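Only one structure is covered here, and it is reproduced in the block below.
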Amino acid sequence: MFTAITQQSPDAGLLHNLNPEQLAAVTLPAEHALILAGAGSGKTRVLTTRIAWLLQTGQVSPGGIMAVTFTNKAAKEMMTRLAAMLPLNVRGMWIGTFHGLCNRLLRAHYKLANLPQTFQILDTQDQLSSIKRLYKQFGIDDERYPAKQMQWFIGGCKEDGLRPAQVVVKDPETRKKVEIYQLYEEQCQREGVVDFGELMLRSYELLRDNDPIREHYQRRFRHILIDEFQDTNKLQYAWIKMLAGTGAHSSVDGAFQPTGCVLAVGDDDQSIYAFRGARVGNMTDFVREFGVKHQIKLEENYRSGSNILDSANALISNNSKRLGKNLRTAQGPGEPVRVFEATSDFAEANWMVDEMKQLVREGHERKEIAVLYRSNAQSRVIETALFNAGMPYKVYGGLRFFERAEIKNALAYLRLLENPRDDTSFMRAVNFPPRGIGARSLELLQDAARATGCALSDAVSGLSGKAGANIGAFLAGIEVLNEQRQGKKLKEIVELVLKHSGLRAHYEADREGADRVENLDELVNAAESFVSIEGFGRDVVALPVDELGNVLTQSPASQGLDLNQPVQDIPAPDLETGETLSPLAAFLTHAALEAGDNQAQAGQDAIQLMTVHASKGLEFDCVFITGMEEGLFPHENSMTDRDSLEEERRLMYVAITRARKRLYLSHSQTRMLHGQTRYNLKSRFFEELPEEALKWITPKHQGFGGGFGSAGVTSNSGATHAYHTSARGQFGTDYSKYTTAAAPVPVQKTPPGGLQVKQKVFHAKFGEGTVLSLEGSGDDARAQINFPRHGVKWLALSVAKLTPVP
DNA sequence: TGCCATTTTCTTTTT
DNA sequence: GAAAATGGCA
């Protein structure tokens with residue numbers, strides 16, 4: 001999919017249009033360097049251009065580069081951009097996420113890593129159920145040691161590079177936790193599975209403990225580039241250090257001087273993942289421990305006008321721990337930052353929708369309008385408002401494809417085929433769809449397995465009675481599948497499993513299972529197209545390189561070297577040549593490491609809804625930041641200590657800097673939260689923004705309408721009120737209607753053509769239904785339809801595809 | 001064993 | 001307010 005562009009002008013300005021700082025960063029000498037890249041300063045461009053420049057000037061071959069990102073999306077983006085710059089087959093290059101690259105290392109050296117070749121990866125859900133299973137088996141009290149907390153503890157230890165034996169035990173409680181950690185480790189090892197943390201830690205240990213392997217990769221990766229460096233945790237930092245050959249594990253005998261140089265790109269002001277172990281301190285540690293001589297700040301922002309940037313700068317200057325950086329722009333002030341105060345979350349959402357309609361009328365694309373919120377729960381009200389208005393929207397976050405229950409069920413069967421020892425998958429599949437295997441039978445089985453220390457599937461034969469017969473039948477079914485799958489294509493195997501396991505039939509029988517069947521079909525599609533994407537075949541040697549990864553020829557240009565060739569993967573000492581992962585195993589790995597997009601429907605021009613966290617790295621013409629209230633943003637759990645408050649502020653900084661042209665901030669006096677109405681004060685962050693950049697667009701006469709005489713919630717005061725407009729003021733919208741909790745009354749015009757009340761219509765998702773009523777016209781036209789299977793729905797006629805049924 | 005009712009919890013999240 | 005998890009009962 002990353003097919004390179006073939007026509008290319010070799011020296012046609014890779015470096016064209018770079019500003020002086022960017023140029024300096026791209027053409028840095030081969031030494032460690034830190035790039036402090038502000039939001040919108042062209043960070044990704046610098047990273048990819050740097051790689052392209054290194055390749056084009058013949059300083060390194062594609063095999064000598066490692067580029068690490070945090071998300072698959074970022075990795076793909078990098079590869080796509082790189083492929084567009086150079087005629088290069090990026091597929092074989094070591095560009096990927098930390099976990100993806102670790103997986104690659106462990107697959108190549110699975111024996112040294114003490115793993116089965118087909119080891120499976122536990123995602124967060126799997127890990128939790130694995131721990132819970134452990135609890136049952138060893139009678140551990142979930143009340144005293146909550147499994148969730150334990151999961152967090154284990155992850156934390158691994159992030160710090162600590163095995164159970166290395167954890168410092170100070171109190172009995174920690175002792176017990178470490179014991180459980182130890183048991184968990186044994187269970188994973190026995191089952192041949194690794195969790196995400198293990199992926200990192202195990203590959204770190206692999207490099208640490210095997211001199212030839214480590215030195216091989218140290219020689220090979222002459223340039224290591226890391227994106228979003230501020231998000232790295234302790235272990236990831238150590239991993240990089242190990243690969244770069246800096247520190248204790250470099251040359252032992254002095255014969256080998258490691259040469260890998262590290263280019264770290266990051267922004268301390270955008271560090272928003274401390275809550276999951278990210279250490280901003282890695283940036284200063286990096287400068288110190290690597291003896292970084294080159295530090296470049298990218299402060300020129302190409303995204304937003306100065307009103308938006310000044311707001312961001314002013315806000316973030318309230319943080320104490322900063323490396324120091326100020327964004328500037330050559331663009332003018334741009335539009336002011338609009339601030340709106342609503343009386344309720346409901347009113348806030350309706351105001352937003354009307355504002356959006358206006359923006360769309362003005363020619364903005366819907367996908368260039370984003371709504372950002374602090375927590376996912378806030379999306380519901382907004383979704384309702386958008387839905388009622390018939391405005392297409394897309395919510396990011398939530399359940400992703402490979403995390404859906406039906407998909408995980410299917411994957412459990414597939415994993416069992418690949419690795420019968422995978423007890424997590426066994427437990428998931430054994431009684432789903434229900435086949436009369438209950439808790440008691442499984443308890444017997446688990447006892448038997450524990451007694452002999454074998455996997456659940458191996459313990460079945462020792463079971464007698466009804467339990468033995470039932471579970472035996474299940475296992476026999478798996479074995480039949482295993483025979484039938486021989487010689488079959490991946491897609492066929494998946495289809496086979498869906499049929500033979502009874503999963504498809506089970507969901508087809510379910511009245512509400514239509515979506516799930518659809519997803520299962522989608523899984524078959526994913527399996528079909530998978531091979532063509534990953535292509536786990538061997539790559540052929542394309543470039544003449546020496547063992548160090550140096551290109552042996554002169555510069556590509558002078559030699560007419562064709563970079564558009566598969567990248568050579570230099571065999572490491574331990575690499576089993578010829579041994580390849582089965583397509584199924586590769587597919588399962590893909591499913592674990594890449595949870596897939598949230599929603600299948602792509603391409604439609606829709607409003608973008610997401611949390612602030614999810615918005616990092618993205619940009620939009622128009623951005624709404626909603627729920628700017630104390631307790632929400634900053635979040636109540638993060639208001640108490642200074643560090644987490646500063647993280648909230650960085651979060652706000654990230655949110656503000658997403659906007660290119662227009663930025664709205666809104667807060668509401670009341671909000672439904674946990675089923676209760678809460679009265680919130682407006683966020684303290686408003687006080688930290690420069691007044692001259694803001695424009696308050698809430699009408700003067702707004703208020704509580706006599707309804708809520710509550711709390712210390714006051715209207716905003718100060719000079720900003722000078723901007724208040726009366727109803728239907730200069731902004732063209734009548735804001736007064738948002739000041740009551742009632743929905744805007746739709747204007748009744750001629751009923752939309754084609755449909756009539758009592759008419760029968762067909763909808764792709766809801767099936768056949770009867771029109772109950774119609775309202776609105778044109779783009780706003782809506783119909784109330786009764787679907788026997790799904791109930792009464794309001795559908796926007798400009799969005800819903802309805803076909804009349806005679 | 002499995003279904004239904006009650007209780008509980010509720011930031012952010014990629015891999 | 002809603003989803004998930006637990007617990008009691010048929």
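Order of the sequence lines sets the chain letters (A, B, ...), proteins ahead of strands, with each chain counted from 1. Every value quoted in this text rests on a predicted model; they were computed, and no experiment measured them.
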### Query
Is it true that A/Asp231 and A/Arg276 have a side-chain N and a carboxylate O under 4.0 angstrom from each other?
no
### Query
Mapping A/Asn376 and A/Leu593 to their closest nucleotides on DNA chain B, which lands nearer the 5' end?
A/Asn376
### Query
When you measure from the side chain of A/Asn318 to the backbone N and O of A/Leu315, does any donor-acceptor pair fall under 3.5 Å?
yes
### Identified side-chain hydrogen bond (donor to acceptor under 3.5 Å, both in side chains) partner of A/Ser638 from the options A/Glu646, A/Glu647, A/Glu648
A/Glu648
### Message
Categorize A/Asn72 for me: base, sugar-phosphate, or nothing, with a 4.0 angstrom heavy-atom threshold over every strand shown.
### Response
sugar-phosphate
Polar atom pairs (N or O), protein with nucleotides 1-10 of chain C, under 3.5 Å:
| from | atom 1 | to | atom 2 | distance (Å) |
| --- | --- | --- | --- | --- |
| C/dG1 | O6 | A/His674 | O | 3.2 |

### Task
Determine, for A/Asp269 against A/Arg322, whether the closest basic-nitrogen to carboxylate-oxygen distance falls under 4.0 angstrom.
yes
### Task
With a 4.0 angstrom cut-off to heavy atoms of chain A, pull out the first and last contacting nucleotide of DNA chain B, in 5'-to-3' order.
B/dT1 to B/dT15
### Message
Taking the nucleotide of DNA chain B with the nearest heavy atom to each, does A/His635 or A/Arg435 sit closer to the 5' end?
### Response
A/Arg435
### Message
Quick one: does any side-chain atom of A/Arg658 pair with a main-chain N or O of A/Phe620 as donor and acceptor, under 3.5 Å?
### Response
no
### Task
Report yes or no: does A/Glu205 contribute a side-chain atom to a donor-acceptor pair with the main-chain N or O of A/Arg202 at less than 3.5 Å?
no
### Task
Mind checking A/Phe98 for me? I need base, sugar-phosphate or nothing, with any heavy atom below 4.0 Å counting as a touch.
nothing
### Query
Can you say whether the rings of A/Phe530 and A/Phe587 are parallel (under 30°), tilted (30 to 60°) or perpendicular (over 60°)?
perpendicular
### Message
Heavy atoms only, 4.0 Å cut-off, all strands: where does A/Glu648 land among base, sugar-phosphate and nothing?
### Response
base
### Task
Using atom types as modelled and distance alone, determine if a side-chain donor or acceptor of A/Thr80 lies under 3.5 Å from a backbone N or O of A/Lys76.
yes
### Task
Ignoring hydrogens and angles, tell me if any N or O in the side chain of A/Ser683 forms a donor-acceptor pair with the backbone of A/Phe686 under 3.5 Å.
no
### Query
Once the angle between the rings of A/Tyr507 and A/Phe432 is folded into 0 to 90°, is it parallel (under 30°), tilted (30 to 60°) or perpendicular (over 60°)?
tilted
## Note on the structure
For DNA chain B, the expected dot-bracket line (Watson-Crick or G-U under 3.5 Å, [ ] crossing, | inter-strand) is ||||||||||.....
### Message
What contact category does A/Asp195 fall into here, base, sugar-phosphate, or nothing, at under 4.0 angstrom with non-hydrogen atoms?
### Response
nothing
### Query
Is the shortest distance from a Lys or Arg side-chain nitrogen in A/Arg678 or A/Glu636 to a carboxylate oxygen in the other one below 4.0 Å?
yes
### Task
Select base, sugar-phosphate, or nothing to describe what A/Asn103 touches, counting heavy atoms under 4.0 Å on all strands.
nothing
### Query
At under 4.0 Å between heavy atoms, what does A/Phe275 touch on the DNA or RNA strands: base, sugar-phosphate, or nothing?
base
### Query
Glycosidic conformation of B/dT11, syn or anti, with 90° from 0 as the boundary?
syn
